[in-house]
Amino acid sequence: MIRPAELIQRKRDGGELAADELAELMLAYARGEVPDYQIAAFLMAVYFRGLSEAETFALTDAMVRSGETIDLGTRLGRRVVDKHSTGGVGDKASLVVGPVVAACGVPFGKMSGRGLGHTGGTLDKLESIPGFRVELSAREFIDQVREVGLAIVGQTADLVPADRQLYALRDVTATVDNVSLIAASIMSKKIAAGADAIVLDVKVGDGAFMKTVADARVLGETMIALGRAAGRDVVCELTDMDQPLGHAVGNALEVREALATLRGDGPADLRELVLDACAHLLALSDLGIDHAEGRRRAEQAVLDGTALAAYERWVRAQGGDPDEEGLPRAPLIREIFAPRSGYVGRLAALPVGLAALHLGAGRRRKDDPIDHAVGVVCRRKRGDRVELGEVLAEVHARDEATAREACESVLAAYELVAEPPQTRPIVLDTLA
Ligand code: URA
């Protein structure tokens with residue numbers, strides 16, 4: 001019988017926990033036998049003291065064992081692929097990557113998460129689609145990947161319940177940005193959901209949990225090691241999160257931008273990130289092609305409309321209405337104008353993410369409802385030329401007071417400079 005307070009105290013004082021102690025703590029939490037307040041204290045101790053490599057492996061393993069695991073490859077007789085990002089501002093890439101990969105004939109099965117801190121979550125974005133169900137049983141998940149070629153689901157009582165509970169608790173206790181907790185959270189979902197090959201997108205920059213390339217590399221290498229130990233092929237990309245990805249930030253707004261990208265009409269940075277991730281996934285699949293051919297096929301799927309058709313099949317299969325007109329719209333749209341002419345030298349991601357959160361696009365408390373309609377659209381991004389009085393961004397809000405506050409934060413996120421700033425690629429490095 002574990003005593004949570006003793007384990008919390010040992011971690012608080014910088015000690016090491018044994019694999020069986022971590023396992024018991026996590027499994028007891030998943031069964032509802034340890035209260036949130038003790039796990040919140042444990043998470044904060046981990047945040048300050050860190051976990052050793054052995055503890056990180058033990059935590060991940062315990063989280064996987066908190067629910068069922070699925071061997072998708074064996075069940076489908078195909079190599080199944082998956083992708084996951086560590087979380088950023090405006091990151092709707094999975095909503096595009098899944099349909100493109102499925103359109104290329106490769107099964108894609110993903111277990112995703114909700115928003116964390118100032119970052120949005122794929123599940124919240126999907127729930128802005130009327131009728132969309134993220135809680136599928138393990139059986140429904142497998143059947144859908146087999147029949148439709150694509151499913152994205154949430155952690156459930158069956159699949160990694162420990163992550164579902166920890167994730168919600170970390171979101172509201174300032175314990176998200178820790179390498180071991182992020183690695184265990186992501187890789188437990190990837191391992192339990194059963195894909196054979198995984199592309200990880202580790203975000204770096206002011207809007208990401210990892211602020212430097214060096215920290216992002218450590219997180220990437222930790223996740224690659226966890227994946228390899230579980231017999232998975234893993235490629236990890238480090239990508240820029242010093243400004244929001246694409247233009248839209250906020251759930252339904254991001255689904256609209258994902259749809260535009262599937263139609264070949266999306267922002268350049270999102271399109272590049274998606275095509276690169278798809279190329280890696282197709283090269284890791286059982287199609288027997290390389291990265292260059294994977295990229296060519298991904299581009300073709302967007303051009304010939306098969307990626308959009310795959311999106312519509314997938315959304316219908318999960319009970320949703322794929323018609324863009326059905327997405328919710330905010331009652332107020334306020335424009336933000338350039339106070340002078342110049343180039344956008346900087347568009348800080350964090351204040352834009354926080355503005356969207358305060359508009360209601362994210363949660364402040366564990367059970368807060370989400371307002372799917374609200375958010376920010378950054379019309380101008382780093383490197384763009386703007387003239388005095390031109391629109392820099394739009395705020396989509398529920399009321400005047402939240403709109404005003406968001407307009408101030410978003411305007412402060414822009415830095416206008418006289419000379420064009422240096423360009424930076426969206427994909428900064430690839431670890432394999
Ligand atoms: N995504 C996850 O699934 N978990 C984290 O901790 C961070 C991003």
Residue [X] excluded, over 12 heavy atoms near [atom1] under 6.0 Å:
X      : atom1 : result
Arg256 : CZ    : yes
Glu147 : CD    : yes
Arg263 : CZ    : yes

Using a 3.5 Å distance criterion without hydrogens, assess whether the side chain of [X] forms a donor-acceptor pair with backbone atoms of [Y].
X      : Y      : answer
Lys381 : Cys378 : no
Lys125 : Leu253 : no
Thr119 : Gly87  : no
Arg232 : Ala197 : no
Tyr414 : Arg380 : yes
Lys189 : Lys110 : no
Lys11  : Met44  : no
Thr306 : Val302 : no

Quick one: [atom1] on [X] to [atom2] on [Y], what's the gap to the nearest 0.5 Å?
X      : Y      : atom1 : atom2 : value
Glu55  : Thr60  : CD    : OG1   : 11.5 Å
Glu53  : Leu226 : CD    : CG    : 8.5 Å
Leu270 : Glu254 : CG    : CD    : 9.5 Å
Leu238 : Thr430 : CG    : OG1   : 7.5 Å
Ser85  : Leu245 : OG    : CG    : 9.0 Å
Arg296 : Glu299 : CZ    : CD    : 9.0 Å

On a heavy-atom basis, which atom in [X] and which in [Y] lie closest, and how many Å separate them?
X      : Y      : value
Leu287 : Cys104 : CD1-O, 3.8 Å
Ala192 : Val160 : CB-CG2, 3.5 Å
Arg398 : Ala373 : NH2-CB, 3.6 Å
Leu284 : Ile198 : CD1-O, 4.2 Å
Ser112 : Ile152 : CB-CG2, 3.8 Å
Cys278 : Val101 : SG-CG2, 3.9 Å

(message) Can you see whether Lys83 engages Ser94 through a side-chain donor-acceptor pair at a distance of less than 3.5 angstrom?
(response)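 Ser94 and Lys83 do have a side-chain donor-acceptor pair below 3.5 Å.
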(message) Could you check whether Asp163 and Ser185, counting side-chain N and O atoms only, form a donor-acceptor pair closer than 3.5 Å?
(response)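 A pair is found: one side chain offers a donor N or O, the other an acceptor, under 3.5 Å apart.
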Could you pull out all residues at least two apart from [X] that satisfy salt bridge (Lys or Arg N to Asp or Glu O under 4.0 Å)?
X      : value
Arg271 : none
Arg31  : Glu33
Arg382 : Asp240
Arg404 : none

(request) Please list all pairs passing the side chain to side chain donor-acceptor pair (under 3.5 Å) test where one or both residues lie in residues 95-105, with sequence neighbours left out. (result)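 Sorted result for residues 95-105: empty, none.
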(message) Strictly by side chain to side chain donor-acceptor pair (under 3.5 Å), give each pair with a member in residues 272-285 just once, sequence neighbours left out.
(response)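 Output for this query lists Glu237-His280, Glu272-Arg295, Asp276-His291.
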(message) Under the criterion side chain to side chain contact (heavy atoms under 4.5 Å, CB included), I'd like the reasoning laid out for Thr239 against Val204: C-alpha separation, chi angles, the key distance, then a yes or no.
(response) CA-CA 6 Å; Thr239 71; Val204 193; over 6 Å; no
[Y] and [X], any side-chain heavy atoms less than 4.5 Å apart:
X      : Y      : value
Leu166 : Met63  : yes
Asp233 : Arg79  : yes
Arg316 : Tyr311 : no
Ser180 : Leu59  : no
Ile333 : Val395 : no
Glu293 : Asp290 : yes

(message) Tell me every residue that passes side-chain hydrogen bond (donor to acceptor under 3.5 Å, both in side chains) with Asp242, counting only those two or more places apart in sequence or in another chain.
(response)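 In terms of side-chain hydrogen bond (donor to acceptor under 3.5 Å, both in side chains), with neighbours along the sequence ignored, Asp242 is linked to Arg424.
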(request) Using the test side-chain hydrogen bond (donor to acceptor under 3.5 Å, both in side chains), find all partners of Arg10 that sit at least two apart in sequence or belong to another chain. (result)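 So Arg10 forms a side-chain hydrogen bond (donor to acceptor under 3.5 Å, both in side chains) with Glu21.
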(request) Under the side chain to side chain contact (heavy atoms under 4.5 Å, CB included) rule, what do Glu127 and Arg114 come out as? Steps first, then yes or no, please. (result) CA-CA 10 Å; Glu127 282 181 344; Arg114 297 194 176 278; 2.9 Å; yes
Which residue pairs pass the ring pair (Phe, Tyr, Trp, His ring centres under 6.0 Å) test when at least one of the two sits in [range], sequence neighbours left out?
range            : value
residues 90-111  : none
residues 240-279 : none
residues 113-166 : His118-Phe209, Phe132-Trp314
residues 45-84   : none

(request) I would like to know whether Arg217 and Glu221 meet salt bridge (charged side-chain N to carboxylate O under 4.0 Å, His left out); could you show each step before the answer? (result) CA-CA 6 Å; Arg217 201 177 289 281; Glu221 280 162 0; 5.2 Å; no
Hey, are [X] and [Y] close enough for a salt bridge, meaning a charged N less than 4.0 Å from a carboxylate O?
X      : Y      : result
Asp143 : Arg139 : yes
Glu140 : Arg133 : yes
Arg363 : Asp124 : yes
Glu394 : Arg334 : no

(request) In sequence, state the C-alpha distance, the side-chain angles, and the governing distance for Thr86 and Met223, and then conclude on side chain to side chain contact (heavy atoms under 4.5 Å, CB included). (result) CA-CA 11 Å; Thr86 56; Met223 292 194 289; 3.9 Å; yes
(request) Would you check, one step at a time, whether the test side chain to side chain contact (heavy atoms under 4.5 Å, CB included) holds for Val176 with Leu181? (result) CA-CA 7 Å; Val176 173; Leu181 295 178; over 6 Å; no
